[in-house]
Amino acid sequence: MYRLLTILFLLATAAMTAAAMYPADSVTIRFRAGQSAIEPGQADNYPEMRRFVNSVRRYPQADIAYILIRAYTSPDGTSGDNADLSAKRCKALAAFIRHETGISHILIKTEPQGIAWNALRDMVAADSISPWRDDVLSTLDNTPVWVFDRRGYIIGGRKKSLTEIGDGAAYRALHHKYFHLLHYAEATLFIKGERPAPLTKPLTEAQHADASAIISSIIPIPDSINPSPVRTLHGHRSLYPDRFALKTNMLYDAILMPSLEIEFRMSRKMSLGIEGQMAWWKKKQQHKCYQIAIVSPEIRYWFRSKSMLRGLYAGIFAGAGMYDLENGRKGYRGEGVMAGVSIGYSWPVSKHLSLEAGFGAGLMKTRYKEYTPFEGHHIYLRTLDTDYIGPLKARFALVWRFGPVSDSTI
């Protein structure tokens with residue numbers, strides 16, 4: 001009985017606390033697709049931010065219950081990407097409010113919401129001329145975000161069902177008309193106490209002057225939360241700003257076999273690298289040569305997923321090359337192919353520069369001619385085929401990444 005009374009008391013206290021506060025003001029901030037930086041020039045961001053911050057400043061912190069921030073995205077991209085993006089938007093708006101008002105971070109609550117399904121439904125419901133309106137509303141109302149089979153495997157979902165309406169025509173229409181309106185964050189200021197009665201008397205001249213002074217005040221936007229816009233492609237932020245990286249394997253460079261690799265990021269977690277090594281040294285007088293040329297493409301999966309500058313990766317590679325190795329007494333000239341798996345790790349040393357260590361193993365098949373050098377000629381001895389299973393690659397590379405860099409990628 002004592003425990004029951006305690007629980008009831010706590011619930012009553014929480015209910016009374018919740019009731020003894022009211023929303024005093026709110027603001028909606030718009031974002032460009034794929035971005036989390038607050039841009040004053042986007043929509044009505046600047047006047048709305050100025051108004052909301054001045055509203056927060058009017059109250060002592062002791063009177064503020066909390067500020068609730070919720071951020072949203074459109075259905076574009078994966079659910080994981082959208083969850084991360086809405087969290088970043090919450091963080092950016094919270095940082096702005098703290099910077100401009102000096103309010104304690106304890107008084108700011110953030111709730112990343114991911115995809116703004118409810119807002120999308122309201123927009124579609126208000127569109128009476130859309131030929132797909134009823135089908136889209138039925139999908140939004142009746143299809144879960146994810147559909148699972150009996151074994152717990154995902155077999156469908158809300159977004160997938162939307163893309164199937166009218167062979168994709170409905171989804172394209174939604175993308176064109178509404179998705180750009182779903183990139184926003186809301187902040188609501190809750191004040192302790194009861195909501196004051198509405199003002200029934202007209203404002204005095206002094207009150208008018210105070211209101212005018214508040215409205216005309218200018219709030220500078222700090223550079224730390226308003227970075228330069230990320231380079232865009234067709235009006236949208238690139239999800240993968242570090243698309244290209246140039247690398248050289250210093251282990252191969254050290255043994256006089258210069259290497260160069262270009263890596264291209266294909267998706268959030270996948271990249272394609274094409275590496276080449278070439279050594280073309282020859283001493284005719286001593287009958288010595290060291291000639292190797294290899295080209296090796298490799299597909300890598302990055303576990304960290306945010307940047308090719310940092311983190312663990314695993315890959316599969318193939319390669320082909322030719323060689324001519326002669327030590328003055330015997331020579332080997334041939335061609336070969338290889339394939340295998342690799343693993344590596346990359347870590348940054350500066351904004352664009354990083355180091356990468358890796359290892360690869362697999363199968364190599366080669367056919368070569370064995371010969372003996374004699375008076376400037378090669379005396380053929382035999383042709384051999386060799387299969388080799390074991391280490392094929394070792395890497396300690398210097399990496400230079402091209403493109404804009406954000407703090408989240410390093």
Side-chain angles (χ1 to χ4, degrees), residues 23 25-52 67-94 96-97 110-143 145 157-166 168-189 221 225-227 229-230 232-239:
D25 203 353
S26 64
V27 65
T28 299
I29 300 301
R30 301 289 176 177
F31 297 87
R32 286 196 294 162
Q35 289 202 13
S36 59
I38 297 178
E39 298 182 41
Q42 182 74 9
D44 294 327
N45 283 355
Y46 181 71
E48 284 295 292
M49 288 187 297
R50 182 177 63 185
R51 177 192 58 77
F52 183 76
I67 296 175
L68 177 62
I69 298 176
R70 291 173 173 165
Y72 304 84
T73 70
S74 74
D76 263 352
T78 67
S79 296
D81 290 342
N82 286 319
D84 290 343
L85 183 58
S86 63
K88 290 178 181 178
R89 289 172 174 173
C90 282
K91 184 177 180 181
L93 186 51
F96 173 81
I97 293 173
T110 59
E111 295 181 359
Q113 299 294 304
I115 298 173
W117 291 116
N118 291 335
L120 179 61
R121 192 209 179 279
D122 293 341
M123 294 176 185
V124 174
D127 187 355
S128 60
I129 63 173
S130 172
W132 318 107
R133 176 179 178 274
D134 293 340
D135 292 334
V136 170
L137 288 177
S138 177
T139 299
L140 293 175
D141 290 339
N142 303 313
T143 304
V145 175
R158 185 177 298 167
K159 181 178 176 180
K160 183 177 183 296
S161 298
L162 288 175
T163 61
E164 294 171 350
I165 300 174
Y171 190 84
R172 290 192 294 271
L174 293 174
H175 187 285
H176 176 72
K177 296 180 67 174
Y178 303 125
F179 280 12
H180 65 284
L181 300 175
L182 302 177
H183 297 280
Y184 65 95
E186 296 174 330
T188 303
L189 171 65
I221 307 299
I225 60 172
N226 182 30
V230 176
T232 60
L233 179 65
H234 301 303
H236 291 79
R237 178 181 184 264
S238 170
L239 294 178

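From a predicted model like this one, the values you see are computed outputs, not experimental measurements.
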Reported CG-to-CZ distance for the pair Leu182 and Arg30, which is rounded to 0.5 angstrom: 8.5 Å
Is there a side-chain contact between Phe96 and Ile29 in this structure, where contact means two heavy atoms from C-beta onward sitting under 4.5 Å apart? no
For the atom pair CD (Glu111) and CG (Leu68), what is the distance rounded to the nearest 0.5 Å? 4.5 Å
Do Ser74 and His180 have a side chain donor and acceptor closer than 3.5 Å? no
Considering non-hydrogen atoms only, spot the tightest contact between Arg121 and Asp141 and give its length. NE-OD1, 2.6 Å
Say you draw a straight line from CZ of Arg158 to CG of Leu140; how long is it, rounded to the nearest 0.5 Å? 6.5 Å
Measure the OH-CG distance between Tyr184 and Asn45 for me, rounded to the nearest 0.5 Å. 14.0 Å
Could you give the distance from CG (Leu93) to CD1 (Ile69), rounded to the nearest 0.5 Å? 4.0 Å
Mind listing the closest non-hydrogen atom pair of Ser86 and Ala71 along with its distance? O-CB, 3.3 Å
Supply the atom-to-atom distance Trp117 CH2 to Leu162 CG, rounded to the nearest 0.5 angstrom. 5.5 Å
Between Ser138 and Asp134 (side chain of the first, backbone of the second, donor and acceptor by atom type, cut-off under 3.5 Å), is there such a pair? no
Of the non-hydrogen atoms in Ala187 and Ile97, which two are nearest, and what is the gap between them? CB-CD1, 4.1 Å
Side chains of Trp132 and Leu174 in contact at under 4.5 Å (non-hydrogen atoms): no
Intermediate values then yes/no, ring pair (Phe, Tyr, Trp, His ring centres under 6.0 Å), Phe31 and Tyr72: CA-CA 10 Å; Phe31 297 87; Tyr72 304 84; over 10 Å; no
Do Lys159 and Ile115 come within less than 4.5 Å of each other through their side chains, counting heavy atoms only? no
Just wondering, do Asp25 and Arg51 contact through their side chains at under 4.5 Å, heavy atoms? yes
Heavy-atom check, side chain of Pro40 versus side chain of Met49, under 4.5 Å: yes
Which pair of heavy atoms, one from Thr110 and one from Cys90, lies closest together, and at what distance? CB-CB, 3.9 Å
Looking only at heavy atoms, which two atoms of Ala92 and Ser36 are closest? And how far apart? CB-O, 3.2 Å
Around Asp44, counting heavy atoms of other residues, nucleotides and ligands shown, do more than 12 lie under 6.0 Å from its CG? no
Applying the side chain to side chain donor-acceptor pair (under 3.5 Å) test to His183, which of Arg32, Gln35, Arg89, Gln42 qualifies? Arg89
Electrostatic pair Glu186:Arg70 at N-O distance under 4.0 angstrom: no
